[in-house]
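Below, read A as the first sequence line, B as the second, and so on, with proteins coming before strands; counting in each chain starts at 1.
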Number of protein chains: 2
Amino acid sequence: MPKITFFNLPEDKKETLIQAVKKEFSRVPLYDASITNIIKEASISRGSFYQYFEDKEDAFFFLLNELTKENKYIFIHLLSRNHGNLFETMIEFFRIIVSEEENFNFLKNTFLNMTHRIENTFARSFSSTDKNENFEIFSSLVDKSNLNISNDNELFYILQIIAAVTFRNFVDKFARDLTVEDAMNTYLIEMNLLMNGLKKSNI
Amino acid sequence: MPKITFFNLPEDKKETLIQAVKKEFSRVPLYDASITNIIKEASISRGSFYQYFEDKEDAFFFLLNELTKENKYIFIHLLSRNHGNLFETMIEFFRIIVSEEENFNFLKNTFLNMTHRIENTFARSFSSTDKNENFEIFSSLVDKSNLNISNDNELFYILQIIAAVTFRNFVDKFARDLTVEDAMNTYLIEMNLLMNGLKKSNI
DNA sequence: ATTGACATATGACACGCTGTCATATAAGAT
DNA sequence: ATCTTATATGACAGCGTGTCATATGTCAAT
């Protein structure tokens with residue numbers, strides 16, 4: 001978490017700083033990013049940076065969190081518009097993320113260097129790391145009547161599976177520079193397999 | 001790839017160096033590892049390190065590749081013993097990896113900091129990144145008769161899905177320090193969901 | 001207006017790490 | 001014995017991080 005000093009900053013200065021942080025993390029992934037570049041871009045001193053953030057990671061995760069908040073908002077919106085249909089919602093959500101242009105490079109650097117912590121942060125967009133408050137919200141919005149589960153608890157595993165597969169598809173999209181349509185095609189095939197099962201169903 | 005000089009090394013010196021590399025990457029993840037520590041441990045000069053490897057990553061991926069080769073061997077063996085049953089094989093394979101003690105810390109550091117490149121390397125144990133020669137081998141060994149696919153090509157997507165879910169379970173095991181049995185339980189639930197489908201099947 | 005208390009800003013610096021290179025040593029061939 | 005090629009070495013430049021003593025700004029109280 002950024003320090004209080006950061007949040008006390010006047011709006012315009014804060015915005016300049018955020019843009020500088022975003023620029024650097026769009027240029028290179030977390031571990032290659034340089035604080036020196038950020039402070040040059042934002043025209044602040046080295047010391048100031050450390051008054052605002054704990055370190056490089058702190059700044060990165062602040063940014064990622066902001067993005068995730070927006071995505072979560074989008075996801076919740078889609079879910080209710082689709083009357084709780086999880087699969088329809090995931091497919092629409094997937095399209096929105098892979099079509100994203102403004103944050104393209106930031107997303108690319110982030111997905112291609114997805115550590116456990118980054119994945120967990122991002123996953124809050126549409127799922128939940130733990131069985132926490134997030135999970136309750138999602139659970140209440142999802143139409144469970146046509147899911148292969150006997151109790152709420154099992155929804156958790158379904159979300160885990162969908163998250164895992166969705167992530168892999170995000171990464172693939174960026175790693176292989178797929179077009180939006182190619183990425184969508186693969187994702188649709190895999191979501192269908194997920195829905196219907198990988199095992200041949202008995203006739 | 002390590003340089004020729006490395007492969008020309010007498011067996012014992014090479015082994016000492018590999019152990020030093022392993023020790024450092026067991027201590028901390030790739031990006032926190034220090035070449036200085038490795039050369040101290042192996043009693044070689046800084047210059048020598050660079051005669052053997054391109055850089056830190058080069059050493060890391062060499063090690064990961066070695067490990068992956070062993071895993072691949074294990075996987076193939078299990079697959080044939082299970083007469084090509086993919087799910088049974090994955091479950092046995094999963095248990096072997098999460099029970100691993102010798103490489104515990106190396107695996108932990110690796111899984112918790114799994115970038116796209118690391119994932120791809122490791123995935124060669126039981127799947128294939130691309131539709132390459134690896135895929136042909138796996139494809140020929142897998143019993144496809146009870147899989148929900150109409151052609152060989154679709155096997156690829158099934159492997160992708162299984163790989164994604166398996167990875168997530170590996171990561172979870174290390175991230176939350178699960179016992180082997182807890183990790184197995186979750187994995188079994190998820191594999192069952194994968195087999196039978198996330199959607200309620202029509203009665 | 002002056003003071004004191006607290007919040008914020010600054011950049012020089014110590015420290016650690018990487019990758020290189022000129023030089024030294026060893027090994028092998030003729 | 002000499003030349004050639006392969007390997008080893010550690011000093012060093014360059015860069016980046018996080019800290020800290022110092023400077024500057026803010027604001028309430030007198």
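- Side-chain nitrogen and oxygen atoms of A:S45 include none within less than 4.0 Å of the OP1 or OP2 phosphate oxygen of C:dG11.
- Closest-nucleotide positions on DNA chain D for A:Q51 and B:F49 were compared, and the one nearer the 5' end corresponds to B:F49.
- In this structure, B:Y73 and B:H77 have parallel ring planes: the angle between them is below the 30° cut-off, well short of the 60° mark.
- Counted within 6.0 Å of CZ on A:R46, heavy atoms from surrounding residues, nucleotides or ligands total more than 12; the atom is thus considered enclosed.
- Near DNA chain C, defined here as any heavy-atom distance below 4.0 Å, the residues from residues 2-39 of chain A are A:T5, A:N8, A:K13, listed numerically.
- The six-membered or imidazole ring of A:F111 lies near that of A:F122, with a centre-to-centre distance under 6.0 Å.
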Is there any protein nitrogen or oxygen under 3.5 Å from a nitrogen or oxygen in nucleotides 23-25 of chain C, and what are the pairs?
none

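- Across the protein-nucleic acid pair, B:K40 atom NZ and C:dC17 atom C1' stand 11 Å apart, rounded to whole Å.
- OP1 or OP2 of D:dT19 has not a single side-chain nitrogen or oxygen of A:R46 nearer than 4.0 Å.
- The aromatic rings of A:F53 and A:F62 sit tilted, their planes meeting at an angle between 30° and 60°.
- With sequence neighbours excluded, no residue satisfies side-chain contact (heavy atoms from CB on, under 4.5 Å) with A:S80.
- Contact annotation for B:Y52: backbone-only contact, meaning every heavy-atom pair under 4.0 Å involves sugar-phosphate atoms and none involves a base.
- Checked against D:dT9, C:dT10, C:dT20, the side chain of A:S48 finds its nearest nucleotide in C:dT10.
- Atom NZ of A:K23 is surrounded by 12 or fewer heavy atoms from other residues, nucleotides or ligands within 6.0 Å.
- The aromatic rings of B:F60 and B:F106 are tilted relative to each other, their planes meeting at an angle between 30° and 60°.
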